[in-house]
Student: 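My structure is below; once you've seen it, I'll send some questions.
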Amino acid sequence: MSKHLSMTFIIMVIASLLGCQKTYSGKKPPKAVQGVVDLRNWNFDKDGPLDLNGEWEFQWDTLINPETTTPRLNQYMHLPGLWGKPGYGSFRLKFKLNNNQNFGIKIKERRASFEIFFNGEKITSNGVIGDNPRDNQGGIISEIYKVNTKNSVNEIVIYASNYNFGRGGMKAAPRLGFFEDLTQEKEGNLLRDFFVIGGIFIMCLYHFILFALRPAEKSTLYCALFCFSAVIGALAEGEYYILNIFPNLHYQNYWKIRLCFLFLTTAPLILFFKSIFTNYISSKIVKYWNIFSIASVLYVLSLEFKIFLKLFLITYLPALALILIYALIQIFRSRKDYQQESRIIGIGLVIWIAAAVNDNLSATFVINTPFVASYGLFLFIFSLSILLSIRFSSAFKNLAIAQIEVKELNAGLEAKVKEKTADIRSILIHIKQGIFALAGKGEPVIQEDYSSHLETILETEKIVGETIEKLLLEQSDLNPDERNIIEETIKFSMIGDSLTYDLNEHNLPNELGFHHRRKKAKILELDWGPIANPEDEIEKVLVCIRDVSLQRKLLSESEAQRQELNIIDEILKIKATKFNDFIDTSKKFIDENRRLIEKNSEYSENALKT
C-alpha cells in the first residue's frame with residue numbers, strides 16, 4: 001500500500017511542477033499560412049506566448065538581405081519540420097500585432113545552425129552557417145531575447161543550415177510572447193529539470209551508500225550507475241543546463257556526451273534486471289549488450305559527428321528498442337516467481353518507454369509534443385528505488401525476526417550451558433576418579449577444573465598450577481628415565497597435532513605405583529586423551545586416574561581362594577571307591593606310624609626309614 005501511495009505522490013508532484021507556471025486561456029494559437037500569421041486577435045496577456053509554427057517562406061541556397069524588402073520567396077517550408085535533405089537557406093515570416101509592449105522571443109535549438117533577424121536587426125546566432133558540410137558548424141542554444149516590435153507588420157528572417165542530420169530541418173520555431181512570461185516559463189522549465197536531476201542524483205547517492213554498506217548486493221551498484229548516467233543525460237535535455245556548466249561546450253562534444261551516457265545508461269540497467277530476475281534474463285544477452293554498449297561508446301568517441309549519428313540512428317536505436325522489449329517481456333513472464341518486482345518495475349518501464357517513444361516521435365517530427373523522457377526516466381528510477389527499498393525492508397524485517405529467534409535460541413542455549421556446566425561440576429565433585437587437564441606450551445601445568453576425588457587419590461590439595469612431574473611422577477615407582485620420557489612426550493604433544501600425539505601415545509603409562517610420604521603404596525591406572533582445536537592442534541591433554549589398590553588386593557585374595565577351591569574341586573571329582581581306598585590306606589599308614597613310634601621310645605633312624 002505504501003509503495004502505491006509513494007508513486008501517486010511523485011506523480012502528483014511532477015504534475016504540479018508541469019503546471020507550476022502561469023495559467024492561460026488554452027486558446028489554440030494561429031499558424032502561419034504562406035509566410036504570414038495574424039496575431040492581432042491573440043491576447044498575449046490572457047492567451048500567453050505561442051510558437052510561430054506553420055508555413056514560412058523559404059528559399060534554398062540563398063541568404064536574403066534582412067534589412068530590405070525582398071519579393072516573396074520561391075517556396076514555403078513548415079517550421080518546425082524536416083527539409084528532406086541537408087543544405088542551407090533563408091526563412092521569413094511576417095506577423096501582425098496590435099501593440100508593441102515588452103515582447104521577447106525564445107530560441108531553442110540543437111540541430112541546425114542559424115542567424116535570426118527581427119525587423120532587420122540581428123538578435124542571435126547559433127553555430128556557424130555554411131554552404132557546405134565542411135564550413136557548417138552546429139550549435140546548441142536555449143535563450144530569451146528582447147525584441148522591438150511594431151504595431152503593424154513585423155518580420156523575422158532566419159538563415160539556417162543543417163548538414164549534420166540526413167534530412168536537415170529545425171526542431172523548434174521561435175516562441176513569441178511577453179519577455180516576463182517567457183522568462184517565467186523558462187524558470188518553470190528549469191525548476192522541473194532541477195527537480196528531476198536533483199531527485200535522480202539523490203537516488204544515485206542513496207544507492208551508492210547502500211552498496212558501500214552491502215557490497216554483496218550488486219543491484220544497488222547497478223542502480224547507482226544507472227542513476228549517475230541518467231543525471232548527465234538529464235543535464236543535456238530540457239533547457240540544456242549543461243551549457244551553464246560548460247559554456248564553451250562544442251556542438252560535437254555535446255552530442256558525444258549525450259549519446260555516450262545514453263549507452264552507459266542502458267548497460268547497468270540490463271545488469272540490474274539480471275540481478276533481480278536472475279532466472280529470466282539471459283546471461284548471454286546481458287554480456288552481448290554490454291559489449292555492444294562499450295563498442296558504441298568507442299565509435300562515438302572516435303568517429304566524426306555525421307558518421308556516429310547515422311550509426312546511432314540505424315543501429316543503436318533499433319537495438320535499444322529490442323532490448324527494452326525483451327526486458328519487458330521477460331519481466332512479464334516472471335510475474336509468478338517475482339510478483340512484486342515484476343509489477344513495480346513493469347509499470348515504471350512502461351512509463352519510461354512511453355515517454356521515450358514520445359520524444360523520438362517528436363524528434364523526427366511525427367508529432368509535436370514536449371520532451372518528457374526525463375520525467376518518465378525519473379518515475380522509472382523511482383520505481384527501482386521503491387523496489388530496492390522494499391527488498392531491503394524485507395531483509396531487515398527478516399533480520400529482525402532472525403535476531404529475535406537467535407536471542408531466544410541463545411537464551412535457551414545459555415540455560416542449557418548452565419545446566420550442563422552444573423552437571424559437569426556435579427560429576428567432578430562426586431565421581432570416584434581423579435580427572436584433570438594439562439595445558440600450556442613449554443611446561444604444561446594442571447588447570448583449575450579437576451575432580452574432587454583427585455585430592456583423595458593424591459592426598460594433597462595443592463594441585464592447580466603443578467606439573468605432572470612434581471604432582472605424580474616424582475612419587476611413582478618409575479625410574480628417572482621413564483619419568484623424563486613421559487614429561488617430554490606431553491610437552492611435544494602440546495606443540496603438535498593429533499597425529500603427533502597418536503605416534504607418541506605409547507610412551508604414556510597406563511599404570512604405576514604411587515608412594516606418598518612413605519605411606520603404603522597405591523596402584524594407579526591412568527587414561528590419557530588429547531583435546532584439539534578446529535585446526536587439529538593439541539590444546540590440552542586430559543588425564544583420568546583411578547586408585548585400583550583395593551581391587552588388586554581383592555584380586556590377589558580371590559586368586560588364593562580360587563586355588564583352594566580348585567583343590568576342593570579336584571577332591572570332589574574323585575570317585576567314592578577310590579576315595580575310600582585312599583582313606584583306608586591313609587588310616588593304615590597312620591596306624592603303622594603310631595605303632596612304630598610306640599615301639600621305639602627313643603629316636604631311631606631305622607624306624608624312620610621303615
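For this chain, numbers begin at 1 and follow the sequence in order. Predicted, not measured: the structure shown is a model, and the values here were computed from it.
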Student: Where is the tightest heavy-atom contact between C227 and I381, given as atom of each residue plus distance?
Tutor: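 Result for this residue pair: SG-CG2, 3.4 Å.
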
Student: Can you name the nearest heavy-atom pair linking G35 to L93, along with the distance?
Tutor: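 Shortest heavy-atom contact: O-CD1, 3.4 Å.
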
Student: Between E115 and A160 (side chain of the first, backbone of the second, donor and acceptor by atom type, cut-off under 3.5 Å), is there such a pair?
Tutor: no

Student: Evaluate F201 against F228 for ring pair (Phe, Tyr, Trp, His ring centres under 6.0 Å), listing each step before the verdict.
Tutor: CA-CA 7 Å; F201 184 69; F228 178 76; 8.0 Å; no

Student: Over all heavy atoms of both residues, which pair between P86 and F165 is shortest? Give the atoms and the distance, please.
Tutor: CB-O, 4.1 Å

Student: Among I158, I64, D61, exactly one meets side-chain contact (heavy atoms from CB on, under 4.5 Å) together with S90. Which residue is that?
Tutor: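 Testing S90 for a side-chain contact (heavy atoms from CB on, under 4.5 Å) against I158, I64, D61 leaves exactly one candidate, I64.
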
Student: Quick one: do Y163 and R134 satisfy side chain to side chain donor-acceptor pair (under 3.5 Å)? Show the steps, please.
Tutor: CA-CA 9 Å; Y163 290 93; R134 184 180 59 186; over 6 Å; no

Student: Would you confirm whether D135, through its side chain, and G130, through its main-chain N or O, come within 3.5 Å as a donor-acceptor pair?
Tutor: no

Student: Distance check, rounded to the nearest 0.5 Å: I331 atom CD1 versus I347 atom CD1?
Tutor: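 Going from the CD1 atom of I331 to the CD1 atom of I347 covers 11.5 Å.
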
Student: Is any side-chain heavy atom of L221 closer than 4.5 Å to a side-chain heavy atom of F208?
Tutor: yes

Student: How far apart are the closest heavy atoms of L182 and P49, and which atoms are they?
Tutor: CD2-CB, 3.7 Å

Student: Working to the nearest 0.5 Å, report the span between CG of L50 and CG of L52.
Tutor: 5.5 Å

Student: If only atom types and distance count, is the side chain of W42 paired as donor or acceptor with the main-chain N or O of G48 below 3.5 Å?
Tutor: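 Yes, the answer is positive, given that a donor and an acceptor are paired below the 3.5 Å cut-off.
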
Student: Could you tell me if the side chain of I351 sits less than 4.5 Å from the side chain of F380, heavy atoms only?
Tutor: no

Student: Work out which heavy atom in L387 is nearest to a heavy atom in I345; give both atom names and the distance.
Tutor: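 Where L387 meets I345 most closely, the heavy atoms are CD2-CD1, 3.2 Å.
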
Student: What pairs with F194 under ring pair (Phe, Tyr, Trp, His ring centres under 6.0 Å), at least two apart in sequence or on another chain?
Tutor: Y241

Student: So that I know where these two stand, are Y316 and F292 an aromatic pair - ring centroids less than 6.0 Å apart?
Tutor: yes

Student: Centroid-to-centroid, Y145 to F118, below 6.0 Å?
Tutor: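 No, the ring of Y145 stays outside the 6.0 Å limit from the ring of F118, centre to centre.
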
Student: So, applying ring pair (Phe, Tyr, Trp, His ring centres under 6.0 Å) with F58, which one of F91, Y88, Y76 is it?
Tutor: F91

Student: Test your reading of the model: is there a side-chain donor-acceptor pair from N126 to the backbone of G139, 3.5 Å cut-off?
Tutor: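 Here the side-chain-to-backbone pair exists.
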
Student: As an exercise, state the distance from OG of S25 to CG of D45, rounded to the nearest 0.5 Å.
Tutor: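 These two atoms lie 10.5 Å from each other.
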
Student: When you look at CG of N253, are more than 12 heavy atoms from neighbouring residues, nucleotides or ligands closer to it than 6.0 Å?
Tutor: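 Yes, the 6.0 Å shell around CG holds more than 12 heavy atoms from other groups.
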
Student: Cation-pi check, R335 to Y338: give yes when NZ or CZ is under 6.0 Å from the six-membered ring centre and within 45° of the ring axis, no otherwise.
Tutor: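 Judged by the rule, R335 and Y338 form no cation-pi pair.
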
Student: The criterion is side-chain contact (heavy atoms from CB on, under 4.5 Å); which residues satisfy it with S113, sequence neighbours excluded?
Tutor: I129, N136, S161

Student: Whether E239 and K106 form a salt bridge (side-chain N of Lys/Arg under 4.0 Å from carboxylate O of Asp/Glu) is what I want to check.
Tutor: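 Looking at E239 together with K106, the answer is yes, because their closest N to O distance falls below 4.0 Å.
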
Student: Any donor-acceptor pair under 3.5 Å linking the side chain of T62 with the backbone of Q59?
Tutor: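 No, the answer is negative, given that no donor and acceptor are paired below the 3.5 Å cut-off.
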
Student: Please examine the side chains of Y254 and H250, heavy atoms only from C-beta on, and report whether any two atoms are closer than 4.5 Å.
Tutor: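 Not touching, per the 4.5 Å side-chain cut-off.
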
Student: Report the distance from atom CZ of R258 to atom CG of L235, rounding to the nearest 0.5 Å.
Tutor: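 Output value for this atom pair is 10.0 Å.
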
Student: As an exercise, state the distance from CG of L322 to CD1 of I285, rounded to the nearest 0.5 Å.
Tutor: 10.5 Å

Student: Does the side chain of V147 come within less than 4.5 Å of I156's, by heavy atoms?
Tutor: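 No; the side chains remain at least 4.5 Å from each other.
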
Student: Below 30° counts as parallel, above 60° as perpendicular, anything between as tilted: where do the rings of F263 and Y299 land?
Tutor: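 The rings of F263 and Y299 sit tilted, inter-plane angle from 30° to 60°.
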
Student: Between the side chain of N119 and the main-chain N/O of E155, is any donor-acceptor distance below 3.5 Å?
Tutor: yes

Student: Can you check whether L317 reaches F312 side chain to side chain, under 4.5 Å on heavy atoms?
Tutor: yes

Student: Relative to the ring of W83, is the ring of W60 parallel (under 30°), tilted (30 to 60°) or perpendicular (over 60°)?
Tutor: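 Taking W83 first and then W60, their aromatic rings stand perpendicular (interplane angle over 60°).
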
Student: Counting only heavy atoms not in Q75 (residues, nucleotides, ligands), do more than 12 fall under 6.0 Å from its CD?
Tutor: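 Counting neighbours around CD of Q75, more than 12 heavy atoms of other residues, nucleotides or ligands fall under 6.0 Å, so yes.
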
Student: Let me confirm one number: the OG-CD1 distance from S385 to I344, rounded to the nearest 0.5 Å.
Tutor: 11.0 Å

Student: Test your reading of the model: is there a side-chain donor-acceptor pair from H78 to the backbone of P80, 3.5 Å cut-off?
Tutor: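 It does not hold such a pair.
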
Student: If you apply the rule side-chain contact (heavy atoms from CB on, under 4.5 Å), what do you find for L264 with S293, and how did you get there?
Tutor: CA-CA 7 Å; L264 297 176; S293 298; 6.0 Å; no

Student: Does NZ belonging to K31 count more than 12 external heavy atoms closer than 6.0 Å?
Tutor: no

Student: Using a 3.5 Å distance criterion without hydrogens, assess whether the side chain of E109 forms a donor-acceptor pair with backbone atoms of K171.
Tutor: yes

Student: Does K108 make a cation-pi contact with Y240 (under 6.0 Å, within 45 degrees of the axis)?
Tutor: yes

Student: Verify side-chain contact (heavy atoms from CB on, under 4.5 Å) between L388 and S219, making sure each step is shown before the conclusion.
Tutor: CA-CA 8 Å; L388 291 178; S219 59; 3.5 Å; yes

Student: When you check the gap from the basic side-chain N to the acidic O, do E237 and R110 get nearer than 4.0 Å?
Tutor: yes

Student: Is the closest side-chain heavy-atom distance between L97 and R40 below 4.5 Å?
Tutor: no

Student: Counting C-beta onward and ignoring hydrogens, is there a side-chain heavy-atom pair between W56 and M77 closer than 4.5 Å?
Tutor: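 Of all side-chain heavy-atom pairs linking M77 with W56, none is under 4.5 Å.
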
Student: In terms of side-chain geometry, is the basic nitrogen of D51 or R175 positioned less than 4.0 Å from the acidic oxygen of its partner?
Tutor: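 Yes, charged N to carboxylate O under 4.0 Å.
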
Student: Less than 6.0 angstrom from the centroid, inside 45 degrees of the normal: does R333 satisfy that with respect to the ring of Y280?
Tutor: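 So R333 doesn't make the cation-pi contact.
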
Student: With side-chain contact (heavy atoms from CB on, under 4.5 Å) as the criterion, how do F246 and I242 come out once you've worked through the C-alpha distance, each side chain's angles and the decisive distance to 0.1 Å?
Tutor: CA-CA 6 Å; F246 306 105; I242 194 172; 3.8 Å; yes

Student: Are F103 and F178 close enough that their ring centers fall under 6.0 Å?
Tutor: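 Yes: the rings meet the under 6.0 Å criterion.
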
Student: So which atom in T278 and which in S275 form the shortest heavy-atom distance, rounded to 0.1 Å?
Tutor: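 That would be OG1-O, 3.6 Å.
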
Student: Keeping K274 on the side-chain end and L269 on the backbone end, is there a donor-acceptor pair under 3.5 Å?
Tutor: no

Student: Between V231 and F261, is the side-chain contact (heavy atoms from CB on, under 4.5 Å) condition met? List the steps.
Tutor: CA-CA 9 Å; V231 166; F261 277 95; over 6 Å; no

Student: Quick one: does F277's side chain get under 4.5 Å of E341's, heavy atoms only?
Tutor: yes

Student: Looking at Q34, is its backbone amide N or carbonyl O close enough to the side chain of E55 to form a donor-acceptor pair, meaning the two atoms are under 3.5 Å apart?
Tutor: yes

